Number of protein chains: 4
Amino acid sequence: MNNKPTARQLKKEQTKALLINTAFDIFSSQGFLNTRMSDIAKAAGVSHGTVFLHFNTQEEFIAEVVNHFCSKIALRTHELSESSSSLKELLIAHLDAITEYEAFYTRLVIESRMLSQEVRDTFIIVQSAISLHFSRVLEKNRKTSISPAVLFNMWIGLIHHYLLNGDVFAPEGSVIATYKSALTDAFVSLLA
Amino acid sequence: MNNKPTARQLKKEQTKALLINTAFDIFSSQGFLNTRMSDIAKAAGVSHGTVFLHFNTQEEFIAEVVNHFCSKIALRTHELSESSSSLKELLIAHLDAITEYEAFYTRLVIESRMLSQEVRDTFIIVQSAISLHFSRVLEKNRKTSISPAVLFNMWIGLIHHYLLNGDVFAPEGSVIATYKSALTDAFVSLLA
Amino acid sequence: MNNKPTARQLKKEQTKALLINTAFDIFSSQGFLNTRMSDIAKAAGVSHGTVFLHFNTQEEFIAEVVNHFCSKIALRTHELSESSSSLKELLIAHLDAITEYEAFYTRLVIESRMLSQEVRDTFIIVQSAISLHFSRVLEKNRKTSISPAVLFNMWIGLIHHYLLNGDVFAPEGSVIATYKSALTDAFVSLLA
Amino acid sequence: MNNKPTARQLKKEQTKALLINTAFDIFSSQGFLNTRMSDIAKAAGVSHGTVFLHFNTQEEFIAEVVNHFCSKIALRTHELSESSSSLKELLIAHLDAITEYEAFYTRLVIESRMLSQEVRDTFIIVQSAISLHFSRVLEKNRKTSISPAVLFNMWIGLIHHYLLNGDVFAPEGSVIATYKSALTDAFVSLLA
DNA sequence: AATGAATGAGCTTTCATTCAT
DNA sequence: CATGAATGAAAGCTCATTCAT
């Protein structure tokens with residue numbers, strides 16, 4: 001009377017999770033707007049209708065997938081950033097967190113402005129995750145003449161610029177991995 | 001036998017120019033991918049089919065429009081940058097050039113990665129325009145420890161970040177106008 | 001060995017009855033074709049699949065619900081009509097019977113032709129119920145020149161016309177209640 | 001410069017008319033709600049998309065078709081009714097008008113309550129067409145005790161009842177044709 | 001007996017592109 | 001050269017029905 005429903009719910013949650021994870025892969029590789037609902041269903045090995053059983057609309061589906069993984073990215077960002085005391089350490093932590101989800105994160109950089117407001121808000125939250133730590137380590141820093149906000153946006157802008165143009169900067173392989181030290185070194189030395 | 005065709009061609013060129021200019025306005029306000037070919041035809045006062053008389057496909061059309069205005073932006077960037085001797089002057093010149101085409105330029109920042117490779121290449125050329133001057137004024141600068149390329153990308157990334165999130169940074173009005181001094185000051189003081 | 005199955009069957013019958021009664025309410029308010037099977041399951045507090053355990057198809061389900069309540073309506077019509085000796089009394093009895101199921105009956109008027117043949121046949125049986133009494137009281141009537149069948153259809157047609165256009169004739173409240181005397185009086189005086 | 005557009009428009013109007021006429025046939029035989037947009041396109045020999053070129057939505061399409069033919073029916077009703085001086089003549093005229101569009105009219109009787117408000121309103125206008133003449137000839141009539149409105153609704157209700165149940169009353173062939181004299185005679189003699 | 005997740009056929013609507021005039 | 005009607009491939013979403021548990 002109590003574990004049957006649980007088993008069912010479990011199965012349902014598994015399917016939902018499967019869809020979210022499948023979508024993550026597909027969105028990572030072909031983007032959000034170039035992916036049809038049926039693509040994901042097919043890749044997940046479920047029927048087209050099943051996707052709509054778990055998510056009411058395509059927009060809602062994308063929002064849930066983005067929300068799910070942005071939470072993970074934000075969490076991971078925190079984890080990796082926590083122990084960083086220097087700016088350099090923090091920047092590396094930030095890039096390490098992104099690296100774990102690089103393709104997906106890059107897709108968000110590319111498409112977030114074309115998606116729903118909810119997705120954009122969610123993506124901005126990810127940036128807040130690092131923002132807090134940024135402020136923390138920055139306080140110890142001399143160059144107080146420059147607005148921390150602008151400094152933060154400069155870092156974010158820099159990283160997003162590399163990700164957005166990853167195909168140019170690092171035609172194959174990870175842009176972040178390729179430019180990790182160059183970018184962190186440069187940014188740190190600017191503030192030195 | 002020689003000026004009749006010319007008259008025709010002239011008319012044709014006029015129509016083409018009309019389409020390009022109309023598209024510029026519409027793309028600036030609604031974006032590339034949210035605009036239907038018929039929207040532009042209607043706004044230009046020509047028939048839907050006429051657009052395809054001048055441009056084979058939607059993709060090609062967008063590419064031509066982007067190419068046309070990116071050339072203008074690049075040119076204008078050169079004009080305004082030429083006389084700049086200091087970094088600050090240059091950055092201001094750059095922003096001034098962008099300001100003249102801000103809505104369109106912003107749309108490129110938002111969507112270029114969703115468009116054809118040709119569009120992306122064209123957009124990158126615009127960035128080269130300022131890049132040259134950047135190198136020039138940077139040579140006089142002390143902070144040689146930092147890669148000029150990274151420095152340049154930092155500036156571009158910063159500006160694009162503000163444009164991309166213009167609706168957040170400056171819900172109404174021009175982001176560039178709003179943050180012009182803050183951004184240029186910050187960037188310059190970093191290199192001081 | 002004999003009462004266990006009975007208990008089960010009892011439970012099953014209860015569920016079936018619950019579904020039929022729930023469907024009656026929903027069909028009465030939203031109509032047959034605008035109601036999803038899942039709507040009824042949800043309203044009855046049973047699972048979606050349960051409906052199909054008791055009824056093979058949607059069509060069959062509707063047919064059973066209609067059959068069930070049409071039987072009741074026919075029965076009630078008989079009960080109320082039996083004691084009527086005059087035409088006027090009979091018409092009032094008829095309307096009183098309909099009034100008790102007005103919303104549902106109206107839905108049948110509206111949709112019966114869109115439903116299965118079985119539903120239509122069932123609905124016609126309801127009309128037979130009053131038809132018998134109609135003939136009875138009509139025999140005493142003078143205007144024998146007119147076919148009783150046509151006369152009967154005239155009455156049914158009149159009532160159905162008012163029910164069908166109830167939203168126009170009585171935007172709120174019962175059409176039958178509103179027009180009861182007007183319709184019976186008119187019909188009776190025609191035959192006087 | 002003036003007749004080319006006209007030729008074009010003519011062709012377009014022809015296609016639209018073709019669609020409306022084709023829809024008339026299909027709606028007449030299989031009803032409104034059982035007909036897919038693509039059915040009509042196919043029957044008209046045009047592409048599926050063409051239907052949407054001429055009508056924005058399915059609902060709008062049905063509304064236009066209904067409007068078109070209801071206008072014709074109303075007009076024809078007027079024409080045939082105008083010269084009628086007696087009630088009998090009028091009723092016959094009314095039935096003659098309906099007969100010309102019987103299948104379509106019957107479909108409206110069956111489905112109008114399931115269609116848009118616009119369709120319903122349009123259908124009611126058709127009934128107004130005969131209503132006017134009804135009042136006219138009724139004035140000469142004695143039985144003033146009965147409300148003309150109820151009398152009119154009785155006639156309409158009677159006819160609609162026969163049409164609605166045409167498959168029962170006249171399994172093959174026209175109900176109206178079959179019952180024309182029976183109905184008109186009965187109705188007239190009631191008022192005698 | 002009951003459940004409810006999964007299925008998949010079905011249908012509307014959109015829009016870049018074509019082509020006869 | 002210009003027109004704009006016609007095309008038809010997509011794609012999202014719905015819901016009756018099935019079936020493993």
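Because the structure is predicted, anything quoted here is derived from the model rather than measured. Numbers restart at 1 for each chain; the letters A, B, ... are given by sequence-line order, proteins then strands.
The aromatic rings of C/F24 and C/Y101 sit perpendicular to each other, their planes meeting at more than 60°, with 30° as the lower class boundary.
Positionally, the nearest nucleotide of DNA chain E for D/T35 lies more toward the 5' end than for the other of B/T35 and D/T35. Remark on DNA chain F: of its neighbouring residues C/G49 and A/S38, the 5'-side contact belongs to A/S38, judged by nearest-heavy-atom nucleotide.
Among F/dA2, E/dT12, E/dA2, the nucleotide with an atom closest to any side-chain atom of B/T50 is F/dA2. The side chain of D/S47 approaches F/dT7 more closely than any other nucleotide in the set F/dT3, E/dT7, F/dT7. When the nucleotides F/dA5, F/dA16, F/dG12 are ranked by their closest atom to the side chain of A/Q58, F/dG12 comes out on top. Residue D/T15 places its side chain closer to F/dA5 than to any other of F/dA5, E/dA6, E/dA2. Distances were taken from every side-chain heavy atom of C/F52 (C-beta onward) to each of F/dT17, E/dT17, E/dG8; the shortest belongs to F/dT17. Among F/dA11, E/dA2, F/dA2, the nucleotide with an atom closest to any side-chain atom of A/R36 is F/dA11.
The distance between atom NZ of D/K11 and atom P of E/dT21, rounded to the nearest whole Å, is 9 Å. Atoms CD (C/E60) and C1' (F/dA16) sit 14 Å apart, rounded to a whole Å. For the pair C/H54 NE2 and E/dA2 C1', the interatomic distance rounds to 8 Å; values are reported in whole Å. Here F/dT7 presents its C1' atom at 16 Å from NZ of D/K42, a figure rounded to the nearest Å. A straight line from NE2 of C/H48 to C1' of E/dA1 spans 17 Å, rounded to a whole angstrom. The nearest whole Å value for the distance from the CG atom in A/D39 to the P atom in F/dG12 is 8 Å. Atoms CG (A/L18) and P (E/dA5) sit 15 Å apart, rounded to a whole Å. In this structure, D/N56 places its CG atom 14 Å from C1' of E/dC15, rounding to the nearest Å.
Taking a pair as Watson-Crick or G-U with both hydrogen-bonding distances under 3.5 Å, the stems of three or more pairs touching DNA chain E are E:2-21 with F:2-21.
The 12-atom threshold is exceeded at CD of D/E60, counting heavy atoms of other residues, nucleotides or ligands nearer than 6.0 Å.
In this structure, D/F32 has its ring center closer than 6.0 angstrom to the ring center of D/F104.
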Check step by step if side chain to side chain contact (heavy atoms under 4.5 Å, CB included) holds for C/I62 and C/F55. CA-CA 9 Å; C/I62 292 177; C/F55 312 93; over 6 Å; no

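Distances shorter than 4.0 Å separate some side-chain N or O of D/K12 from OP1 or OP2 on F/dA5.
In this structure the side chain of B/V119 reaches within 4.5 angstrom of the side chain of B/S116, judged on heavy atoms. Residues D/V126 and D/Y105 are in side-chain contact: their nearest non-hydrogen atoms beyond the backbone lie under 4.5 Å apart.
A donor-acceptor contact shorter than 3.5 Å is absent between the side chain of A/S112 and the backbone of A/V109.
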